[in-house]
Amino acid sequence: MPDYSLTPAAPLAGTDITIADTRLVAPADLAVVSVALPLGAENAAEAAIKAVYGVALPEVGKSRLAKDGARLVRLGSDFAFVIFTHPTPDAERVVAGRLKGAVYTTDQTDVWVALDLSGANARRALERICPIDLHPDAFGIGDSARTVMEHLGTLIIRTGDNTYRLMSGSSSAGSFRHAIETSLSNIA
Amino acid sequence: MSQINRISGGQIDRAQEVKFTFNGKWMRGHPGDTLASALLANGQRLVGRSFKYHRPRGIFTAGSEEPNALVELRKGAHQEPNTRATVTELFDGLHANSQNHRGSLEHDLMAVTDFLSPFLSAGFYYKTFMWPRAFWEKLYEPIIRKSAGLGRLSMQEDPDIYDKGYLHCDLLVIGAGPAGLMAALAAGRSGARVILADEDFTLGGRLNSETLEVGGMPGARWAKEALVELAAMGNVRLMARTTVYGAYDHGVYGALERCTDHLATSGGKPRQILWRVTSKRAVLAAGATERPIAFGNNDRPGVMLAGSVRSYANRYGVTPGQQVAVFTNNDDGWRTAADLVAKGVHVPAIIDVRDAPAVCDVPGARHIRNAGVVDTVGRKGLKSVTLTDGQMIPVDCLAVSGGWNPNVHLTCHQRGRPTWRDDISAFVPGRDLPPGMAVAGAANGAMTLAAALAEGRAVANAQIEALGFKPGKADLPRAEDEPRDCVPYWHVRESTKRGWLDLQNDVTVKDVKQSHREGFRSVEHLKRYTTLGMATDQGKTANIPALAIMAECTGKTIPETGTTIFRPPYTPVPIGALGGRSRGRDFRPYRLTPSHVWAKNNGATFVEVGNWLRAQWFARPGEKGWRDSVDREVLATRKSVGICDVTTLGKIDVQGRDAAAFLNKVYANGFAKLAVGRVRYGLMLREDGIAYDDGTTARMSENHFVMTTTTANAVLVFRRLEFARQCLWPDMDVHLISTTDGWAQFAVAGPNARNLLRKVVDAAHDISNEAFPFMACGEVTVCNGTPARLFRISFSGELAYEVAVPARYGNAMMDVLMQAGQEFDATPYGTEALGVMRIEKGHAAGNELNGQTTAHNLGMGRMVSQTKECIGNVLSQRPEMLREDAVKLVGFRPVDRDRGLIAGSHFITKGDAASMDNDQGWMSSVAYSPSLGHSVGLGFIKNGDTRMGEIVRAVSPVHGTEMEVEIVSAHFIDPAGERPRA
Amino acid sequence: MRYSALKILREGLTGNKGWKPVWREPDPKPDYDIVIIGGGGHGLATAYYLAREFGMRNIAVLEKGWIGSGNIGRNTTIIRSNYMLPGNEPFYEMSLKLWEGLEQDFNYNAMVSQRSILNLFHTDAQRDAFVRRANAMFLAGADAELATTEQLRAELPFLDYENARFPIKGGLFQRRGGTVRHDAVAWGYARGADERGVDIIQNCEVTGFDIENAKCRGVQTSRGAIRARKVAVCVAGSSGRVMALAGMRLPIESHVLQAFVTEGLKPVLPGVITFGAGHFYVSQSDKGGLVFGGDIDGYNSYAQRGNLPVVEDVAEGGMAIMPMIGRARLLRSWGGIMDMSMDGSPFIDKTDIDGLYFNGGWCYGGFKATPASGLCYAHLLARDTPHPVARQMRLDRFKRGNLIDEKGQGNQPNLH
Amino acid sequence: MIINHPLLGPRDAAEFVYLGDAALIERPDWQARDAAEAFYEYGYLRDNPAGKHAELWYHEQGDRSWLVVTRDTTTHEITSVEMARDVARAKGRSK
């Protein structure tokens with residue numbers, strides 16, 4: 001019988017660098033599960049989400065922190081991401097189990113990589129690659145946007161005053177980090 | 001060389017000295033100088049040669065409109081041709097060389113063209129150089145090309161880096177002269193987000209070049225104070241050295257910031273940044289550009305624009321000459337005379353075309369009324385001017401003012417047309433401005449200082465009020481409305497010598513007249529025929545006078561004759577800046593497969609597949625070339641088992657109550673009845689009936705499917721599926737999400753595939769042939785509990801599976817599969833072996849599904865259902881797409897088995913001539929089949945399915961070869977399809 | 001007036017005062033045998049060949065602005081015949097052959113310069129497709145040449161061979177391809193047509209068709225009604241607008257294509273270079289500017305201007321393939337309206353309305369087609385049968401399912 | 001260009017992919033007697049107006065929604081942006 005085991009190796013695991021007084025960190029064990037609201041049963045789905053997470057699904061372009069620390073990000077009218085810390089490869093099952101068929105779930109954990117950018121120069125660095133207006137008046141804490149940076153589809157979430165979470169496709173993780181690092185070194 | 005022309009004052013730092021070279025000669029200047037002001041200070045009058053006649057030329061202006069003073073700046077790979085000396089900030093160690101001459105600048109051999117100029121008038125080249133025909137390319141054109149062009153590229157890779165960025169604001173103010181500063185102050189104080197950008201390195205615009213007072217202090221000082229206030233506002237961003245070069249749709253502006261061009265080296269930082277500014281509103285306060293008056297030999301070094309002469313004196317503390325006469329048709333020219341005299345420069349004469357009293361008192365200057373300049377003397381530097389009455393005045397500089405043209409350029413970038421204003425004899429912005437833009441100050445024809453300040457404030461206030469801001473308090477500083485009378489006067493008619501209009505391209509008054517004579521009378525014909533306005537300055541000083549002369553010829557007014565409208569960019573933008581970071585290996589992102597590290601450590605050669613890097617083959621020691629590796633990989637797979645990372649195939653999660661019905665509409669073949677736990681091959685058509693993509697789709701549960709697409713079409717298929725879901729069948733409950741990057745997927749192929757997988761798949765899952773037959777799928781666990789998906793599908797034609805694990809386990813999975821496969825000699829294989837095996841098996845891939853072929857061509861016509869609604873089935877039935885003699889996909893093998901087939905060969909029936917009329921089809925894919933020991937090919941040939949066994953010619957004239965090939969079944973291996981079911 | 005070196009010499013010595021207008025400025029007559037709508041390259045060439053090859057003189061060319069103001073006045077000047085499909089290649093090869101004798105034919109130097117065109121390829125699949133194309137070119141009597149990376153390195157050392165994201169694996173040359181001074185083509189044809197009696201009428205906009213009983217009998221214009229036995233539409237980017245006046249919908253969308261030129265530079269590029277993995281092609285004009293372009297902007301447009309993303313995309317392609325041009329500056333950009341057809345190939349055909357003919361759908365490739373388009377359209381107008389090399393360029397081909405889709409992109413014009 | 005997304009607000013057009021005339025929503029009935037002709041016209045003939053044009057844009061680098069954007073093809077002025085799904089339903093499309 002097989003006695004092999006598989007060791008995970010997430011593409012950007014361990015990234016923690018500081019350039020231009022700005023820190024770039026890959027959060028560990030981040031799980032991402034997409035939830036799609038069934039057509040005609042959106043209200044029931046939203047109610048189930050609220051019941052489970054304690055907060056309502058936010059509007060499109062916004063995110064909200066659930067009581068358990070999970071972040072709900074509404075990406076479109078009928079779909080959202082649940083982003084939470086979860087080390088094992090069963091995140092989808094966990095979310096599906098809690099929402100009990102009220103939504104369609106797909107595991108997106110390995111589809112994405114995430115980098116957290118924090119520091120006074122974070123916005124200045126992002127100005128070089130992010131087409132979204134990140135001025136605090138235009139992009140509040142919790143706001144999110146899916147856009148394109150250096151030819152890479154990217155999800156950006158403002159998680160704090162000077163902190164942003166950036167997520168992009170895992171296969172292009174190296175180019176993604178390179179784009180952000182270059183932005184930082186170009187303003188340093 | 002000493003700074004013989006340095007005079008008092010100016011905004012230069014005299015405490016510091018910087019050294020630079022021009023044509024190898026060391027000179028000195030000060031911080032705050034431009035290269036042009038420093039050259040003038042050093043008495044360097046001759047700085048370049050013109051484009052066509054190689055006439056000696058000097059500095060003509062003090063700004064970005066400069067036509068003459070173009071240099072090759074810097075050395076080696078940093079060499080930057082056609083750089084305007086007038087906007088180049090001086091730095092220590094600057095090297096500049098003049099350009100466009102053969103021999104030295106002083107003794108340019110090409111100047112002979114000037115003496116031949118009677119034969120080189122407008123459009124001469126359209127009328128000759130035609131005989132004999134071959135001589136154009138062999139003789140005439142090379143000569144023309146060599147003598148044309150201006151500066152030289154280094155031919156080396158640009159060593160600097162560039163960046164881009166995105167800015168957003170409520171109000172973009174373009175130009176930081178009096179109107180722009182006032183606009184920014186008004187908007188800034190209201191709290192609006194403001195960007196104030198100016199191409200100059202010192203903000204303030206003409207205030208830095210004039211002696212006029214604002215708010216009771218010198219204008220330049222007022223500007224500095226305004227800038228201090230603006231800099232302190234958190235809502236205002238000041239951007240010096242930033243040219244807003246283009247007005248694009250919906251308030252988007254292109255801007256180029258020059259970050260390190262004023263430094264000796266960029267120090268590894270971006271040389272320039274290309275900003276895309278998204279503005280809600282904009283105020284264009286770009287000022288005005290002075291225009292010359294044409295007269296005989298008005299192109300001599302020393303003939304300059306009057307306002308520029310004033311700039312050099314007031315801003316840079318330099319006089320372009322010791323004896324400076326002024327030639328003007330307007331009041332403004334007089335200020336040059338007055339300012340020079342105030343600085344102690346001798347102004348012998350003010351030549352005014354008007355019969356009007358003196359505008360102001362200029363001590364020492366003769367006021368010559370009602371006169372013009374007809375000629376000049378001094379080939380390499382002005383010595384004297386000759387007036388209409390014949391008198392000669394010795395001067396070394398002539399300051400010419402023909403009036404000022406508002407800088408309307410950006411108002412035209414969305415095809416807006418300027419309108420003519422007689423009172424200032426100039427075009428001003430029309431009504432059709434780019435939406436969101438308003439114009440203020442001289443750019444709008446408000447030609448006096450007080451008017452510019454007032455308009456800057458008023459326009460900015462109106463703009464921000466429209467955005468809901470309450471205008472802040474911004475008092476208007478006191479300023480004067482200086483005299484601005486100007487009469488239309490374009491060229492000195494009494495002059496019989498050539499009078500230049502476009503200095504760089506050598507277009508003269510005579511050329512415009514000839515253009516008219518030959519029927520090139522519309523403005524665009526004039527420009528194209530004479531090359532007027534086509535030079536690096538885009539005719540900023542030349543277009544309007546030329547238009548005026550054409551108007552004279554036609555007897556029409558200037559606005560009737562036409563307008564020239566401007567297109568981006570306002571001033572030239574380096575291609576490097578437009579390219580930003582996207583060059584070299586950073587041109588596009590790399591996508592790596594989950595087992596990339598393993599592959600790299602195991603001898604893989606990688607190949608670009610779209611943005612992916614895939615392992616092409618895995619070389620082993622002793623193998624002499626790629627074929628050795630590929631043959632081995634194929635044979636090992638067919639003999640035992642091979643493993644290939646196939647993650648790059650697109651994967652789309654399809655869920656919903658209507659998922660099955662949806663798939664049934666997007667695939668040409670049936671999907672409604674696919675059982676849970678089964679996979680089906682699907683063929684997708686475009687709506688026009690052409691085969692588009694193929695792949696397998698697995699039904700994981702009642703309402704959950706996993707679709708695979710080809711690597712190339714993953715994004716496109718997803719887009720089309722969303723279109724079908726949202727636009728065609730909007731009430732279907734179906735949801736799509738890409739999982740391509742989420743699953744590391746491996747093909748495990750070969751007779752021992754199941755034996756290998758049994759060691760990896762956890763025992764709870766029965767993968768026997770009975771429990772998990774061909775085209776089965778399911779969720780399993782591997783390696784003690786890691787979730788995985790298993791699909792029993794085969795691209796190679798062997799017993800094969802694809803096993804998918806979450807991508808984070810991909811590299812480890814490859815390792816485990818190889819370890820577990822050791823006993824079977826498991827072999828990793830790359831895309832080449834994959835390709836060989838699919839050709840051996842007769843599977844169509846990208847070369848066959850090339851967007852030109854139908855299911856009918858591919859031999860899959862019967863898969864296209866006509867009994868259900870699905871994309872593409874109706875148009876696939878058009879008569880000429882179903883022709884019996886349509887090309888069909890079949891196999892080919894060389895009659896002489898030792899020969900290699902060539903992909904791209906065309907087929908010719910034996911006995912026919914090789915011509916397009918006899919073209920029977922083409923070879924789409926070929927490979928050497930190690931299994932068969934000869935070359936095999938797939939291709940399309942007319943009636944192919946009925947021509948089995950026929951020998952045809954496969955011709956490849958581009959290789960100079962042809963060979964006989966036999967038409968055979970495309971299924972070279974296991975035609976009965978038994979292996980995958982084993 | 002015949003142009004020659006001697007004429008230039010004589011005029012030069014006498015102050016260049018003897019030059020005559022290159023074309024007359026006639027008022028429209030009430031009646032013509034053929035009225036051609038559109039004084040661009042194709043319209044003027046059609047008039048020229050009708051007069052020269054078919055002896056027809058009673059012809060008017062109506063131009064709403066100034067002649068040559070359409071796409072012949074705003075393109076990247078490339079000529080080539082490197083097509084693949086039988087519906088196209090013989091036509092474009094005939095065009096190239098006409099270019100080769102054009103200047104002597106119409107006594108005007110249009111600077112036809114066969115400096116070669118190169119298409120780079122970066123993958124094996126691209127190579128295979130180029131081999132197929134090269135062989136099709138040979139079968140149609142054209143020239144083609146495959147080059148290895150080593151040959152390219154020797155010939156074009158400034159391309160990025162070392163650090164490229166998409167390495168150059170070779171290229172397809174057509175040595176007879178090259179460039180032409182585009183405006184001069186319009187002027188040369190206009191001059192030739194005018195000399196043979198064709199009325200070229202500028203500032204004359206067609207505002208309607210006179211159609212009676214499904215027969216077109218003339219046009220309404222801003223300068224009055226003009227009757228004609230045949231009306232030939234030839235308006236490229238304005239095809240949709242003009243044919244709508246006749247009540248026809250077309251398999252065409254109008255899109256904008258931008259093109260760019262740099263400041264003048266001493267010679268750096270020998271011929272035309274096309275980058276197969278990015279959107280970039282470039283040549284150098286006789287005046288020294290690098291003339292380059294890329295993709296169309298991609299959305300329907302009648303505005304002769306484009307937007308920034310395409311400018312950047314094109315520059316990225318340029319920097320990726322030849323990073324030596326980083327310090328060359330983009331001087332001028334322009335936008336032309338392309339009549340993008342549903343399969344990327346053109347139409348030269350009669351319409352369902354008797355006496356009304358249509359020439360269009362040239363996409364971004366109309367310039368190189370100018371001579372053949374003019375000759376084939378003239379052939380159709382004079383003889384009412386298609387010229388053999390244009391016989392597939394029919395309006396009804398989509399209904400029949402006979403596509404001429406070189407790029408295999410299907411019925412989405414912005415992808416061609 | 002900037003497209004004012006009904007849910008997300010103004011976004012740069014570079015985030016979108018263009019398809020063409022919004023009439024592409026009105027896919028003909030495949031079972032109609034004139035289906036061949038109707039699909040030919042649907043697939044190939046375009047109004048191609050110089051003026052207002054309702055057209056399909058896909059927010060590929062965004063929320064993946066298809067939009068119907070009404071834009072003037074001579075000025076690029078955008079006068080309305082709607083969710084294509086809503087437009088499709090309003091035109092009577094369902095399953």
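Per chain, numbering begins at 1; letters A, B, ... match sequence-line order. Hydrogens, waters and symmetry mates are skipped; everything else that's a heavy atom, side chains included, is used.
C:Glu316 pairs in a side chain to side chain donor-acceptor pair (under 3.5 Å) with only one of the listed residues (B:Arg588, B:Arg583, B:Arg581), which is B:Arg588.
Looking at C:Arg165, its side chain does come within 3.5 Å of a backbone N or O of B:Pro589 through a donor-acceptor pair.
Looking at B:Val958 and C:Met137, their side chains never come closer than 4.5 Å, going by heavy atoms from C-beta outward. Residues C:Arg400 and B:Arg878 have side chains not in contact (no heavy-atom distance under 4.5 Å, counting atoms from C-beta outward). When side chains are defined from C-beta on, B:Glu608 does not count as touching C:Thr123, because their heavy atoms never get closer than 4.5 Å. The side-chain heavy atoms of C:Lys287 and B:Ile144, taken from C-beta on, include no pair separated by under 4.5 Å. In this structure, the side chains of C:Val112 and B:Trp136 stay at 4.5 Å or more apart for every pair of heavy atoms.
Looking at B:Phe566, neither its backbone nor its side chain comes within 4.5 Å of chain C, counting heavy atoms on both sides. Only the side chain of B:Leu274 has a heavy atom closer than 4.5 Å to any heavy atom of chain C. If you measure heavy-atom distances from B:Asn918 to chain C, you find no contacts under 4.5 Å at all. Residue contact with chain C, scored on non-hydrogen atoms closer than 4.5 Å, involves the backbone and the side chain of B:Gln414 alike. For B:Ser924, the part lying under 4.5 angstrom from a heavy atom of chain C is the backbone only. At a 4.5 Å heavy-atom cutoff, B:Met923 makes no contact with chain C through either its backbone or its side chain. Using a 4.5 Å cut-off between heavy atoms, C:Arg10 does not touch chain B at all. Contacts of B:Tyr692 with chain C are absent, with no heavy-atom separation under 4.5 Å from either backbone or side chain.
Shortest non-hydrogen contact noted between C:Gly410 and B:Asp688 is CA-OD2, 3.3 Å. Heavy atoms only, all atoms of each residue included: B:Pro568 and C:Ser333 are closest at O-OG, 2.8 Å.
Classification of B:Lys127 and C:Glu11 as a salt-bridged pair fails, no side-chain N sitting under 4.0 Å from a carboxylate O. Using a 4.0 Å cut-off between a side-chain N of Lys or Arg and a carboxylate O of Asp or Glu, C:Asp105 and B:Arg133 do not qualify as a salt bridge.
Ring pair B:Tyr126/C:Tyr108 is parallel by interplanar angle, where below 30° counts as parallel and above 60° as perpendicular.
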